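As the structure is a computational prediction, the values presented were derived from the model and not from experiment.
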Amino acid sequence: MKKEEAKDIILEMHRKKIDSLDETLIKVLGERERIVKEIGFYKAKNNIPPLQASRFQQILDKAIRAGKEEGLSEEFITEFLHALHRESLRIEEKVIQK
């Protein structure tokens with residue numbers, strides 16, 4: 001086997017691992033958002049507004065600390081969680097409107 005072929009095999013192996021991890025991430029995010037939907041039902045029933053700024057700040061602070069331990073930048077974690085939070089609020093608002 002040539003050196004280039006070996007590199008290609010290694011690269012493909014790593015890409016397959018990433019594909020698998022991406023699939024797992026999507027499944028976990030889907031599960032998370034299903035729980036958000038349940039929270040949305042609870043909030044709607046109990047007249048609690050979707051946005052709970054202090055709770056989001058707790059989540060963000062905890063995630064930034066955990067991200068640092070994994071070598072992830074604070075900027076990345078912040079952007080990611082803000083995007084996730086927007087989606088969660090969208091889901092909760094949809095539940096409340098029903």
Side-chain angles (χ1 to χ4, degrees):
M1 180 182 303
K2 294 181 182 177
K3 196 173 189 179
E4 286 299 314
E5 290 174 346
K7 285 181 184 178
D8 290 344
I9 291 170
I10 291 169
L11 179 61
E12 188 58 32
M13 188 175 67
H14 288 305
R15 286 178 173 166
K16 285 182 180 183
K17 287 178 187 177
I18 287 175
D19 291 346
S20 177
L21 289 168
D22 287 347
E23 186 178 317
T24 300
L25 280 170
I26 297 301
K27 286 180 181 179
V28 168
L29 288 171
E31 182 178 343
R32 184 188 191 281
E33 295 311 295
R34 284 187 287 282
I35 294 168
V36 164
K37 191 173 184 178
E38 293 301 317
I39 290 171
F41 287 127
Y42 179 85
K43 286 181 177 180
K45 183 179 177 184
N46 293 283
N47 296 315
I48 299 170
L51 179 59
Q52 303 288 299
S54 62
R55 169 70 177 143
F56 178 69
Q57 190 61 51
Q58 289 172 348
I59 292 168
L60 184 59
D61 292 343
K62 183 178 175 181
I64 288 170
R65 285 191 302 274
K68 284 181 181 178
E69 290 178 16
E70 293 296 327
L72 302 172
S73 72
E74 182 174 336
E75 294 80 15
F76 170 74
I77 295 298
T78 300
E79 283 182 43
F80 174 73
L81 281 182
H82 277 284
L84 190 58
H85 192 239
R86 282 190 303 273
E87 179 65 5
S88 296
L89 287 173
R90 184 192 68 77
I91 289 168
E92 285 188 32
E93 289 286 350
K94 190 175 175 181
V95 166
I96 289 170
Q97 291 173 0
K98 285 186 177 180

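- Each of I26, T24, I18 was scored for a side chain to side chain contact (heavy atoms under 4.5 Å, CB included) with D22, with one residue passing: I18.
- Proximity of a side-chain donor or acceptor of K43 to a complementary backbone N or O of P50 within less than 3.5 Å is detected.
- Atom CD of E70 has 12 or fewer heavy atoms from other residues, nucleotides or ligands within 6.0 Å.
- Side chain of S88 to backbone of L84: a donor-acceptor contact under 3.5 angstrom is found.
- In this structure, D19 CG and K17 NZ are separated by 12.5 Å, a value rounded to the nearest 0.5 Å.
- Salt bridge absent: R65 and E69 never bring a charged side-chain N and a carboxylate O closer than 4.0 Å.
- Criterion: ILVMFWY side-chain heavy atoms under 4.5 Å apart, direct or through other members. Under it, L29 and F76 are part of a common hydrophobic cluster.
- Taking every heavy atom of both residues into account, I77 and L60 meet most closely at O-CD1, 4.4 Å.
- Summarising the geometry, atom CD1 belonging to I39 is positioned 7.5 Å from atom CZ belonging to R55; distances are rounded to the nearest 0.5 Å.
- A salt bridge is absent between R34 and E31; no separation between the charged side-chain nitrogens and carboxylate oxygens falls under 4.0 Å.
- L51 and L81 sit in two unconnected hydrophobic clusters of ILVMFWY residues. Membership requires side-chain heavy atoms under 4.5 Å apart, directly or through other members.
- For the atom pair H14 NE2 and I9 CD1, the distance stands at 12.0 Å (nearest 0.5 Å).
- A continuous path of Ile, Leu, Val, Met, Phe, Trp and Tyr side chains, each step under 4.5 Å between heavy atoms, connects I64 with I59, placing both in one hydrophobic cluster.
- Interatomic distance, D8 CG to R15 CZ, rounded to the nearest 0.5 Å: 8.5 Å.
- With rounding to the nearest 0.5 Å, the separation of CZ in F41 from NZ in K37 is 5.0 Å.
- Closest heavy-atom contact between I96 and G40: CG1-O, 4.3 Å.
- Note: H85 NE2 to T78 OG1 = 13.0 Å, rounded to the nearest 0.5 Å.
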